[in-house]
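Below is one structure; the comments refer to it alone.
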Protein chains: 4
Amino acid sequence: MRADAARNRTRVLQVAREQLAAGDDSLQLNAIARLAGVGVGTVYRHFPNRHALREALSAERFRELVDEAQAAAADVDALAGLRRLLRFTLARALDDSGFASVLESANDAEAQTSALKAELDLAVAHLLDRARGLGAVRRDIEADDVRRLLCGVEHALRSGACDPTRTEVYLDVLLEGLRPPR
Amino acid sequence: MRADAARNRTRVLQVAREQLAAGDDSLQLNAIARLAGVGVGTVYRHFPNRHALREALSAERFRELVDEAQAAAADVDALAGLRRLLRFTLARALDDSGFASVLESANDAEAQTSALKAELDLAVAHLLDRARGLGAVRRDIEADDVRRLLCGVEHALRSGACDPTRTEVYLDVLLEGLRPPR
Amino acid sequence: MRADAARNRTRVLQVAREQLAAGDDSLQLNAIARLAGVGVGTVYRHFPNRHALREALSAERFRELVDEAQAAAADVDALAGLRRLLRFTLARALDDSGFASVLESANDAEAQTSALKAELDLAVAHLLDRARGLGAVRRDIEADDVRRLLCGVEHALRSGACDPTRTEVYLDVLLEGLRPPR
Amino acid sequence: MRADAARNRTRVLQVAREQLAAGDDSLQLNAIARLAGVGVGTVYRHFPNRHALREALSAERFRELVDEAQAAAADVDALAGLRRLLRFTLARALDDSGFASVLESANDAEAQTSALKAELDLAVAHLLDRARGLGAVRRDIEADDVRRLLCGVEHALRSGACDPTRTEVYLDVLLEGLRPPR
DNA sequence: CATGAATGAGCTTTCATTCAT
DNA sequence: GATGAATGAAAGCTCATTCAT
C-alpha cells in the first residue's frame with residue numbers, strides 16, 4: 001500500500017474511533033471523511049461500507065479474542081476454559097456493538113476477517129472436542145453454533161435494561177444448554 | 001375515531017401487508033402512503049413510526065400467541081406446554097421479522113402492545129411456576145427472561161443459513177439451559 | 001405555492017445571483033443550497049438542474065426582452081426596430097451568458113420559458129413580416145432562425161478577445177445577411 | 001520521443017477515435033487510459049487536457065482543411081472558392097464537434113494547432129483579398145472573423161433540429177452578410 | 001383531522017487530476 | 001518517463017419527517 005494511502009487509512013480509523021468514543025455509533029462515512037480531512041471517495045475506497053469499517057475497527061480486538069480462544073483451547077480444564085472464553089467474548093461484545101456485529105455477521109467484507117473467524121472457530125472446535133470428552137458438551141453443536149448462540153445471548157442481554165446479574169445467568173443458561181441433554 | 005380515519009387506517013395496514021407479502025420489509029411510510037392513496041401525514045398520525053406500524057401489523061398474531069400461552073399454561077404437562085409454546089413462538093418469530101422485533105422490543109409504541117405483552121408474560125409466569133414445581137426450570141429465570149432468550153435464539157438462527165435442524169437443536173439448548181443446573 | 005416554498009425559492013435565486021455577481025458562473029447547486037441555508041433536495045425540487053435555475057434567473061430579463069420586441073414590432077420603421085432589437089438582445093446575451101444559454105436552448109426546463117420564447121418569436125415574426133414588406137428581409141427566414149443566428153453571432157463574439165468594434169461589425173453582417181440576396 | 005511513448009500515444013489516439021465512433025463524445029481520459037491498457041498518467045503526459053486530445057484527433061482533418069483553403073485561394077473564381085471553402089468547413093464542423101471546437105478555440109493547447117490555424121488564416125486572407133477585389137467581401141472583415149462567424153453559424157445550426165435546408169440558408173446568410181453593405 | 005408538498009440530511013457514485021512508486 | 005492507485009470535489013438521489021394549508 002502507498003504511504004499516503006496508509007496514512008489516510010490510519011487517520012480515518014482514528015477519527016472513527018474518536019466518534020465511537022464520543023458516543024456516536026452511526027459511523028457516518030461522510031462525517032468521518034470531513035473530520036479526517038479527507039475526501040469521501042477516499043473513505044469509500046478504503047471501506048466500501050460501514051461494515052467493512054467496523055471490521056477494520058475490530059481487527060485488533062478480534063486478534064486478541066483469537067489469542068484468548070487459543071489459550072482456552074490449551075487450558076488443562078476444558079470446561080473452565082470454555083466458560084472463561086464465553087465470558088470474555090460476551091463481555092467484549094456487550095462493550096462494543098461493532099465488535100458484536102462483526103462476530104455475528106455471516107458476510108465478511110474483508111478476507112482478513114474471515115481468516116480470523118476461521119482461526120477462532122478452529123480453536124473453539126478443539127476446545128469443544130476436549131469438552132465433549134468430559135461429557136460437558138453435546139454432540140450436535142459446532143464452534144459456529146457456539147458463536148451464533150453467544151451472539152444470541154448478547155442480543156437478549158441488550159434487549160432490556162443492562163443488568164449485570166442477567167449476564168451471569170444467561171451465560172449460565174447457555175453453558176448448561178450446551179451440555180448433553182440428561 | 002371518525003369513519004374516514006378508520007378507513008384510512010385500514011387501507012394503510014392492508015397496503016403494508018401487501019408490501020410485506022411482496023417481499024419488501026422496508027415498510028417505507030412514504031411508499032405506503034402513496035400506494036394507499038393517502039397523505040404521508042395521515043400515515044404518521046396513525047403510526048408515529050415504523051415500529052408502531054409493525055406493532056399494529058402484529059397485533060392479531062400477538063393475540064394468537066397470548067391465547068397459545070394461556071392454553072399452554074393450562075396444559076396438564078407443564079414441561080410439554082413450555083416446549084410447545086417456545087417452538088410455536090420461535091416459528092412465528094422466524095417467519096415474521098416484524099413480529100420478532102415487536103416481541104423483543106423493550107419500548108412499545110402502543111399501549112395495547114404493552115398490555116398484550118403483560119398478558120403473555122403473566123401466562124408464561126404461571127407456566128414457569130408450574131414447571132419449576134416439576135424441577136424443569138431454574139429459580140432465577142422469569143417470563144421476561146424467557147422471552148428475551150427466545151428472541152436471542154431467533155437471532156442466532158437468523159445469523160446464518162436457514163437450517164431447520166438448527167432450529168430444533170437451538171430450541172433444545174434453550175430448554176436444557178432453562179433447567180436448574182445439575 | 002406554499003409560503004415557505006416561495007421563501008426558499010426566493011432565497012435560492014438570491015444566492016445564485018450573488019454567486020454570479022461574485023464572478024462564479026458554475027452555479028453549483030450544492031454550494032447554493034449551503035449558502036441559502038437550505039437542503040440540496042430543496043434546491044433540486046425547485047430547479048431540477050442547472051438550466052432550470054438559469055431560466056428562472058433569466059425570467060425577468062427575458063420578460064423585458066419580450067417587451068422590447070413588442071415595442072420594436074410596433075415601431076414605425078420596421079428595419080430600425082429590427083436593428084435596435086437585435087442590438088439590444090446581443091448586448092444582453094453578451095453581458096449574461098446564462099441569459100444567452102436560455103435564449104439559445106431548444107429544450108426549456110420550465111413551461112414559462114417556452115411561453116416567453118413563443119411570445120418573443122411571435123413579436124419578431126410580426127416585425128419580420130413588416131420588414132419583408134420593405135424588402136429588408138429574405139423570405140426563407142423565420143423568427144426562430146433570427147434567434148438562433150443571433151446566438152451564433154454572440155458565440156462568434158465570445159470566441160476571442162472582447163472587442164466592441166467586432167460587435168457592431170458582426171451585427172451588421174447579420175443584418176445584411178438577412179436581406180434578400182441581390 | 002521514446003519508442004514506447006510513441007506507441008502509447010498512438011494507442012491512446014486510436015482508442016479515443018473508437019470511443020467517438022461508438023458515439024461517446026465525452027472523451028473521458030480515465031476510460032481511454034483503461035481501454036488503451038495504459039496508465040492515466042501516461043494519457044495526461046501526452047495530452048494535458050481533453051482539448052489537447054481533441055486537437056491531436058483533429059490534426060489530420062485540419063491539415064486537409066488547410067489544403068482545401070489553399071486550393072480555394074488558388075481558384076480562378078474567388079467567390080466560388082470562398083463559398084466552396086465555407087461549405088466544406090461547415091460540413092466538417094457539423095459532422096465532428098471536436099473539430100469544430102478546435103477550429104473555434106482561441107487557446108490552442110499544441111503549437112502545431114496554432115501553426116495550422118495560422119496557415120489556414122493566411123490562405124483565407126488571400127482568398128478574401130481577391131474576393132474584395134471583386135466587391136464580394138466587405139473591408140472590415142478578416143480571415144479570423146470569417147472563421148469565428150462560421151463557427152457561430154455552426155452553433156446556430158446545432159441549436160435546434162438538424163435540418164439540411166437550414167444549413168444552406170444560414171450559409172447563404174453568412175455569405176451575403178460578408179458582402180459590402182449596399 | 002387529513003393532506004401531501006416540501007424539507008434536508010445522508011448516502012453513494014462519478015470522474016478529473018495528482019503524485020508516490 | 002511510465003504507471004495507476006489514490007484522491008476529493010461535486011453531483012444528484014433516497015427517504016424519513018415536518019408543517020403549511
Side-chain angles (χ1 to χ4, degrees), chain A residues 1-9 12 26-34 36-50, chain B residues 1-9 11-12 26-34 36-50 53, chain C residues 1-9 11-12 26-34 36-50, chain D residues 1-9 12 26-34 36-50 53:
Chain A
M1 189 185 303
R2 263 166 58 171
D4 54 346
R7 203 162 40 242
N8 279 331
R9 202 189 122 98
V12 166
S26 62
L27 285 187
Q28 296 176 14
L29 301 199
N30 272 301
I32 288 171
R34 186 166 27 77
V38 142
V40 209
T42 303
V43 176
Y44 272 87
R45 168 172 294 273
H46 285 295
F47 309 106
N49 52 56
R50 221 189 310 287
Chain B
M1 190 184 299
R2 263 161 51 175
D4 55 344
R7 201 161 44 242
N8 282 335
R9 203 189 120 96
R11 280 197 56 66
V12 166
S26 62
L27 284 187
Q28 298 178 16
L29 300 198
N30 274 291
I32 289 170
R34 187 166 27 80
V38 142
V40 210
T42 305
V43 176
Y44 271 84
R45 168 165 302 276
H46 287 295
F47 310 105
N49 51 55
R50 217 190 313 287
L53 178 56
Chain C
M1 190 185 302
R2 263 165 58 170
D4 54 346
R7 201 160 44 240
N8 280 332
R9 203 189 121 98
R11 278 199 56 65
V12 166
S26 62
L27 284 188
Q28 297 176 14
L29 301 199
N30 272 296
I32 289 171
R34 186 165 27 78
V38 142
V40 210
T42 303
V43 176
Y44 274 88
R45 168 171 295 273
H46 285 295
F47 310 106
N49 52 55
R50 221 188 309 286
Chain D
M1 189 184 299
R2 263 161 54 174
D4 56 344
R7 200 161 43 241
N8 282 336
R9 204 189 119 97
V12 166
S26 62
L27 284 188
Q28 298 178 17
L29 300 198
N30 275 291
I32 289 170
R34 187 165 29 76
V38 143
V40 211
T42 305
V43 176
Y44 270 84
R45 168 165 301 276
H46 287 294
F47 310 105
N49 51 55
R50 219 190 312 286
L53 177 56

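Note that the structure is a prediction, hence the values are computed from the model and not measured. In the text below, chain A, chain B and the rest are named by the order of the sequence lines, each starting its count at 1.
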Whole angstroms only, please: what is the [atom1]-[atom2] distance between [X] and [N]?
X: C:Arg9; N: E:dT7; atom1: CZ; atom2: C1'; answer: 16 Å
X: A:Ile32; N: E:dG10; atom1: CD1; atom2: P; answer: 12 Å
X: D:Arg34; N: E:dC15; atom1: CZ; atom2: P; answer: 10 Å
X: A:Phe47; N: F:dT7; atom1: CZ; atom2: P; answer: 11 Å
X: B:Arg11; N: E:dG4; atom1: CZ; atom2: C1'; answer: 16 Å
X: D:Gln28; N: E:dT13; atom1: CD; atom2: P; answer: 17 Å

- prompt: What's the closest nucleotide to the D:Val38 side chain, out of E:dT3, F:dA2, F:dT3?
  reply: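 Looking only at heavy atoms from C-beta outward on D:Val38, the closest nucleotide is F:dT3.
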- request: Please check the phosphate of E:dT3 (OP1 and OP2 only) for any side-chain N or O of B:Thr42 closer than 4.0 Å.
  value: yes
message: Measuring to OP1 and OP2 of E:dT7, would you say a side-chain N or O of C:His46 lies under 4.0 angstrom away?
response: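 C:His46 to E:dT7 OP1/OP2: side-chain N or O found under 4.0 Å.
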query: For C:Asp4, what residues pass the side-chain hydrogen bond (donor to acceptor under 3.5 Å, both in side chains) criterion, not counting sequence neighbours?
result: C:Arg2
query: Among all residues two or more places apart in sequence or in another chain, which pass the side-chain hydrogen bond (donor to acceptor under 3.5 Å, both in side chains) test with C:Arg34?
result: none
message: Requiring both pairing distances under 3.5 angstrom, list the stems that contain DNA chain E and are made of three or more consecutive Watson-Crick or G-U pairs.
response: E:2-21 with F:2-21
message: Taking the nucleotide of DNA chain E with the nearest heavy atom to each, does B:Arg45 or A:Ser26 sit closer to the 5' end?
response: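 Its nearest nucleotide being more 5', the pick is B:Arg45.
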statement: Of A:Leu27 and C:Asn8, the one whose nearest nucleotide on DNA chain E sits closer to the 5' end is C:Asn8
message: So, taking the atom named CD1 in C:Ile32 and the one named CZ in C:Arg11, what distance separates them when rounded to the nearest 0.5 Å?
response: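 The CD1 atom of C:Ile32 sits 12.0 Å away from the CZ atom of C:Arg11.
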Hey, can you pull the donor-acceptor pairs under 3.5 Å for the side chains in residues 37-49 of chain B, sequence neighbours left out?
residue, atom, partner, partner atom, Å
B:His46, NE2, B:Ala5, O, 3.4
B:Asn49, OD1, B:His51, N, 3.0
B:Asn49, OD1, B:Ala52, N, 2.8

Using the 3.5 Å cut-off, write out each protein N or O paired with an N or O of nucleotides 17-21 of chain F and the distance between them.
residue, atom, partner, partner atom, Å
F:dT17, OP2, B:Tyr44, OH, 3.4
F:dT17, O4, B:Asn30, OD1, 3.1
F:dT17, O4, B:Asn30, ND2, 3.4
F:dT21, OP1, C:Ala3, N, 3.2

message: Both A:Ala6 and D:Gly39 contact DNA chain F. Which one's nearest nucleotide lies toward the 5' end?
response: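 Taking each residue's closest nucleotide, the earlier one in sequence belongs to D:Gly39.
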- prompt: Sequence neighbours excluded, which residues qualify as salt bridge (charged side-chain N to carboxylate O under 4.0 Å, His left out) partners of B:Arg7?
  reply: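 Partners of B:Arg7 by the salt bridge (charged side-chain N to carboxylate O under 4.0 Å, His left out) criterion come out as none, since no residue qualifies.
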field: Partners passing side-chain contact (heavy atoms from CB on, under 4.5 Å) against C:Arg50 (at least two apart in sequence or in another chain)
entry: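 With sequence neighbours excluded, C:Arg50 shows a side-chain contact (heavy atoms from CB on, under 4.5 Å) to C:Leu27, C:Arg54, given in chain and number order.
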